[in-house]
2 protein chains.
Amino acid sequence: MTDGRLLKGEQTRRTILARAADIASAEGLEGVSIGRLATELKISKSGVFTHFGSKEELQLATVRAAAETFRRHVVEPALAAPEGMPRVRALYEAWQRYQREPVFPGGCFFYATVAEFDARPGRVRDAIAKAERAWSDFTERCLREARDLGHLTPETDVAQLAFELHALCRAGGANALLHDDNAAYARSAQAIRSRLSTATPHP
Amino acid sequence: MTDGRLLKGEQTRRTILARAADIASAEGLEGVSIGRLATELKISKSGVFTHFGSKEELQLATVRAAAETFRRHVVEPALAAPEGMPRVRALYEAWQRYQREPVFPGGCFFYATVAEFDARPGRVRDAIAKAERAWSDFTERCLREARDLGHLTPETDVAQLAFELHALCRAGGANALLHDDNAAYARSAQAIRSRLSTATPHP
DNA sequence: AAGTTAAACGAACGGTCGTACTTTCTTCTC
DNA sequence: GAGAAGAAAGTACGACCGTTCGTTTAACTT
């Protein structure tokens with residue numbers, strides 16, 4: 001167990017969480033039931049339960065697992081690009097790719113769960129909010145770097161810009177799913193492109 | 001019954017639907033259960049059930065009721081303003097007011113339910129999608145009028161603009177709720193203002 | 001290969017879910 | 001005010017919920 005192999009339990013736990021995140025992206029975290037996971041994964045209900053000890057812990061673990069997936073699909077590709085505008089562009093491209101690929105069958109895990117828990121105080125909401133905050137902190141950092149390198153105009157309000165790009169990106173995925181209309185992705189991409197260009201020096 | 005008075009049954013039905021929409025805005029349409037409505041409204045479970053005949057019909061009726069509420073709070077105020085930019089501005093102001101008032105305790109009913117059902121085919125999703133479509137058709141109509149009156153530049157892509165404003169407006173409410181941060185409303189308002197100004201002639 | 005620990009099982013719990021009945025009471029109509 | 005129509009109550013159903021328990025099987029350690 002000093003090498004890379006996984007203990008049996010850890011392996012099962014990951015399987016459960018991956019499925020839980022998939023379900024949650026499409027039907028919300030409340031749609032994830034222990035009995036359902038057990039049936040679909042052909043494990044006993046108690047076998048699923050023991051890994052987490054409570055429904056809430058399962059939900060929290062699912063949020064953490066989804067955040068890790070998000071990081072791998074969006075943050076890492078961005079970090080692979082050079083600082084400044086290239087990284088900013090890589091970031092939003094990766095984000096859009098992640099939404100339509102689809103990494104999660106129900107679109108973005110966080111779009112679904114934010115809407116589900118934003119008005120429901122508790123540990124789950126706090127965990128989701130924390131993941132969201134970490135993500136927007138990261139986008140702001142990338143945009144700030146771009147501004148400091150002169151790739152964006154000095155007056156650029158980074159927080160405001162991050163908010164707007166966030167809104168535009170999320171809306172693309174949501175509209176595409178709701179209306180079965182891939183054109184929404186294009187609209188989203190176009191909006192992000194032109195919003196970024198308004199903050200770009202000497203047009 | 002030719003006068004304005006309501007039959008007893010219709011009155012109860014409305015009470016149920018109002019509560020159902022309130023719950024759904026905060027916890028989703030699946031969070032609306034017949035037993036819960038019965039307990040909270042001090043009616044018997046069967047008393048609630050009889051009005052709709054099935055859970056799905058209750059959900060569909062809730063969507064219709066919420067759409068009517070939305071229309072009253074957002075569409076009507078906009079129609080009261082003169083065509084062109086005044087109406088466009090009235091529209092987005094009313095929308096933002098509706099989100100924070102709050103008309104629904106969990107923010108926008110449609111933000112919550114779209115995210116819940118966008119990846120779940122069925123009659124409920126279709127009803128939500130239809131309401132959304134009616135709404136964006138209306139915003140596009142208002143923007144088109146403004147363009148035709150010369151209040152927006154002739155090249156304005158109305159559908160694209162509507163998409164972006166929609167995204168920005170929704171994001172304000174969502175962020176404000178998730179992070180308990182009223183500044184999100186201001187960001188949203190600011191984004192809408194500046195996006196509209198980019199489509200406004202001779203700056 | 002044996003010994004130990006971790007993982008998964010299976011059955012059962014009290015609750016709540018949506019739905020199906022029949023019965024009782026209100027309310028509207030004439 | 002009597003009769004018809006409608007609304008609400010009451011009860012019961014099977015299904016699934018999260019959770020607890022004691023037991024059994026599998027995996028890891030040495």
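Given the structure is predicted, the values throughout are model-derived calculations rather than measurements. Numbered from 1 within each chain, the chains take letters A, B, ... in sequence-line order.
Distances from the side chain of B/Ser44 to the nucleotides C/dA20, C/dC9, D/dA9 place D/dA9 closest. Here the nucleotide nearest the side chain of A/Ser54, chosen from D/dT19, C/dA20, C/dC9, is D/dT19. Side chain of A/Lys55, nearest nucleotide from D/dT19, C/dC17, C/dT19: D/dT19.
As a whole-Å value, the separation of A/Leu41 CG from C/dA7 P is 17 Å. One interatomic measurement links the two molecules: CZ of B/Arg13 to P of D/dA8, which rounds to 12 Å at whole-angstrom precision. In this structure, CZ of B/Arg36 is placed 16 Å from C1' of C/dG15, rounded to the nearest angstrom. At whole-Å resolution of the value, CD1 in B/Ile34 and P in D/dA9 are 14 Å apart. A/Glu30 places its CD atom 12 Å from the P atom of D/dC17, with the value rounded to the nearest Å. One atom, CG of A/Leu37, and another, P of D/dC17, lie 10 Å apart when rounded to the nearest Å. Between the P atom of D/dG18 and the CG atom of A/Leu29 lies a distance of 12 Å, rounded to the nearest Å. The separation between A/Leu58 atom CG and D/dT19 atom P is 9 Å, rounded to whole Å.
Within the structure, a side-chain polar atom (N or O) of B/Ser33 is placed less than 4.0 Å from OP1 or OP2 of C/dC17. In this model, the phosphate group of C/dA8 is approached by a side-chain N or O of A/Thr12 to a distance below 4.0 Å at OP1 or OP2. A sub-4.0 Å separation between OP1 or OP2 of C/dC9 and a side-chain N or O of A/Ser46 is absent. Checking the phosphate oxygens (OP1, OP2) of D/dA8, a side-chain nitrogen or oxygen of B/His51 falls inside 4.0 Å.
The residues B/Arg64 and B/Glu68 are annotated as not salt-bridged, no charged nitrogen and carboxylate oxygen being separated by less than 4.0 angstrom.
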- Item | Criterion side chain to side chain donor-acceptor pair (under 3.5 Å) on B/Thr139 and B/Ser136, from CA distance to verdict | CA-CA 5 Å; B/Thr139 62; B/Ser136 50; 5.5 Å; no
**Message:** Using the rule given for side chain to side chain donor-acceptor pair (under 3.5 Å), can you reason through B/Thr12 versus B/Thr15, listing the C-alpha separation, both sets of side-chain angles and the distance that settles it, and then say yes or no?
**Reply:** CA-CA 5 Å; B/Thr12 313; B/Thr15 309; 5.8 Å; no
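Between the side chain of B/Lys45 and the base of D/dG10, no donor-acceptor pair of N or O atoms lies under 3.5 Å.
Centroid-to-centroid, the aromatic rings of B/Tyr98 and B/Phe70 come within less than 6.0 Å.
At least one side-chain heavy atom of B/Leu152 sits less than 4.5 Å from a side-chain heavy atom of B/Thr200.
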